[in-house]
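Notes follow the structure.
Values in this document were obtained by computation on a predicted structure and should not be read as measured data.
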Amino acid sequence: MKSGNRDDGWLSGRIYFNREDKRVIIKRPQSGFGYTMNLGNKWTWILNIFVVIIIVILVCVL
């Protein structure tokens, strides 16, 4: 899979998983608008875990 080919890595047109693509946020080509995250990038998972931790802390404090 080449990271230059934006069609590589799309699963059912909604989920993007491409380990060779360094982008974290990807524009959805089929819908014309909207963005998704590259689930093949480790920084996507780190960002998601960070957001979940922040939400859990806020729920516990409030």
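Panel note: side chain Asp21, backbone Asn38; no donor-acceptor pair is recorded below 3.5 Å.
Grouping the Ile, Leu, Val, Met, Phe, Trp and Tyr side chains by contacts below 4.5 angstrom, directly or via other members, places Ile54 apart from Leu62.
Here the CG atom belonging to Asn48 is positioned 13.5 Å from the CH2 atom belonging to Trp43, to the nearest 0.5 angstrom. Between the OH atom of Tyr35 and the CZ atom of Arg28 there is a distance of 11.5 Å, given to the nearest 0.5 Å. One finds the CZ atom of Arg23 at 13.0 Å from the CE atom of Met37 (value rounded to the nearest 0.5 Å). Once rounded to the nearest 0.5 Å, the distance linking OH of Tyr16 with OG1 of Thr36 reads 10.5 Å. In this structure, the separation between OG1 on Thr44 and CD1 on Ile25 is 7.5 Å, given to the nearest 0.5 Å.
Considering only heavy atoms from C-beta on, Trp45 comes within 4.5 Å of Leu39 through its side chain. Counting heavy atoms from C-beta on, the side chains of Trp10 and Ile26 come closer than 4.5 Å.
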